[in-house]
> 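Supplied in structure tokens, the structure appears directly below.
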Protein chains: 2
Amino acid sequence: MGALAMPTDTKTALLDSAERAARSQGFDGFSYADLAEDVGIRKASIHHHFATKAALSVAMMQRYRLGLESACQQIDDTYTSGRDRLLALVGVYRDALRGGKSLCLCVSFSASRASLHRDVIAEIKLFRLMMLKWIATVFELGKSDGTIRAVSDPEREAAATLSLLEGAQLAARAEEDMALYEKALSLLLDRTH
Amino acid sequence: MGALAMPTDTKTALLDSAERAARSQGFDGFSYADLAEDVGIRKASIHHHFATKAALSVAMMQRYRLGLESACQQIDDTYTSGRDRLLALVGVYRDALRGGKSLCLCVSFSASRASLHRDVIAEIKLFRLMMLKWIATVFELGKSDGTIRAVSDPEREAAATLSLLEGAQLAARAEEDMALYEKALSLLLDRTH
DNA sequence: GTCTATACAGGGATAGAC
DNA sequence: GTCTATCCCTGTATAGAC
């Protein structure tokens, strides 16, 4: 924000690089060698900060979850209607796509399940629970303030919406075509007014 | 179907094994060594049938697409209402999940995009196009025969439905919990009668 | 069409010096 | 906290015998 540029510490630089790589290449698509080159240290040095790749992955997913949690909080602070909060959420997932080159970390990790440590899977579960809970409150509000049409059960709306957002990201990234994301989301957005 | 059990040729056995593995482990989660052990030949012998892993992947995706295409055709032959065809489609994706242990091949491949040959990506694109076109006809019918409620634009319904199906699979597989699939799909199914 | 043997690149991880 | 050097494993792919 308005702050002076801080010298980024190595640990944070590693997390940043790993997140970028994982979100664009998939969990199996990045290596210690890639990270080392990107950050500018030798790959052996990475183990000083993260003993294993599993530990790194858990840290990534944890940081990502807390980041989205505060993004949701900020949406709540900025917008007051269900409609506006839903639009903001759709915008967050749109931005995460980065023009069809990147996925939400949760989507990226979910797909590579075979290579994931159980602790990472636990973090993924926490992430979805957090999102589902928050999205349900958005529909709850949209129902009561009348800015989202035809809301029956907010909890089921949340489940459908999260799947829709994640599925639309997957399709749009596969063909690097943002129009696929917009088309998949358009009927949901039509329900706001 | 009623035919006697045919001795499966090696090439088909390889495709079967690769598809099982890719759908449960992800694209980067299976190797020639795994296939060799599963099929009962040496890994060098696989190259006789598929020169490279890219060639194998293209063959897998092609066969998968043709298989789903004929599944859609069979749904059309069996069911006559939009409602019943939509229910059958949701059933196909539910079965593909195999209790939360397996994904649609298209979802599995889409997520590992970094490691995919361009020919495989082209096949993925063909797959989604085919499905979108067919799902749109289902909504078209459901709209005209009145068995699916509140259908505005069948094309956008198709885009939303495919994303929903794929996203719901991803979530359900991540936690091996079929209830997540059912919950995500329940509002859509409520629209049928 | 399948085998053995091997090449070669890349992965994650460790030991020990500085 | 970072380095060099190295280990061991696994990945895809190839050569050539049978």
> Please state how far atom NZ in A:K11 lies from atom P in D:dT2, giving the value in whole angstrom units.
12 Å
> Which whole-number value in Å describes the distance from B:L56 CG to D:dT12 P?
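One finds 10 Å between P of D:dT12 and CG of B:L56, rounded.
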> Do A:E157 and A:K143 sit within salt-bridge range, that is, some charged N less than 4.0 Å from a carboxylate O?
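A salt bridge is absent here (no side-chain N lies under 4.0 Å from a carboxylate O).
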> In terms of side-chain geometry, is the basic nitrogen of B:K53 or B:D28 positioned less than 4.0 Å from the acidic oxygen of its partner?
no
> Quick check: closest heavy atoms across A:S24 and A:R173, and the distance to 0.1 Å?
O-NH1, 3.0 Å
> Output yes when at least one side-chain N/O atom of B:H48 is less than 4.0 Å from OP1 or OP2 of C:dT2, else no.
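B:H48 to C:dT2 OP1/OP2: no side-chain N or O under 4.0 Å.
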> What is the distance, to the nearest angstrom, from the NE2 atom on B:H47 to the C1' atom on C:dC3?
14 Å
> Side chain of A:A44, heavy atoms from C-beta onward: which of D:dT4, C:dG11, C:dA13 has the nearest atom to it?
D:dT4
> In whole angstrom, give the distance that lies between atom CD1 of A:I46 and atom P of C:dT14.
14 Å
> With a 4.0 Å cutoff (strictly under), does any side-chain N or O of A:H49 reach OP1 or OP2 of D:dT2?
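Result: yes.
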> Give the rounded distance in Å between these two atoms: NZ of A:K53 and P of C:dA13.
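Taking atom P of C:dA13 as the reference, NZ of A:K53 is at 9 Å.
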> What verdict does the side-chain contact (heavy atoms from CB on, under 4.5 Å) test give for A:R20 and A:D38, after you've listed the backbone C-alpha separation in whole Å, the side-chain angles of each residue and the deciding distance to 0.1 Å?
CA-CA 11 Å; A:R20 264 194 312 275; A:D38 195 27; 3.0 Å; yes
> Contact class for A:S31 (heavy atom, under 4.0 Å): base, sugar-phosphate, or nothing?
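Sugar-phosphate contact only - A:S31 comes under 4.0 Å of backbone atoms but never of a base.
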> Within the structure, does a side-chain N or O atom of A:S45 lie under 4.0 Å from either OP1 or OP2 of D:dC3?
yes
> Check the phosphate of C:dG11 against A:Y32, side-chain N and O only, distance under 4.0 Å to OP1 or OP2. Yes or no?
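For A:Y32, the contact criterion (side-chain N or O under 4.0 Å from OP1 or OP2 of C:dG11) is not met.
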> Check the distance between D:dG11's P and B:R42's CZ and give it to me in whole angstrom.
15 Å
> Assuming nearest nucleotide by heavy-atom distance, tell me which of B:G40 and B:K43 is located more 5' along DNA chain C.
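The residue mapped nearer the 5' terminus is B:G40.
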> What is the distance from CG of B:D34 to C1' of D:dG11, rounded to the nearest Å?
10 Å
> In whole angstrom, give the distance that lies between atom CG of B:L35 and atom P of C:dT2.
14 Å
> Restricting to non-hydrogen atoms, name the atom on B:A36 and the atom on B:I46 that form the minimum distance, rounded to 0.1 Å.
N-CD1, 3.8 Å
> Just checking B:F30: base, sugar-phosphate only, or nothing, at a heavy-atom cut-off of under 4.0 Å?
sugar-phosphate
> Is any side-chain N or O of B:T10 closer than 4.0 Å to OP1 or OP2 of C:dT2?
yes
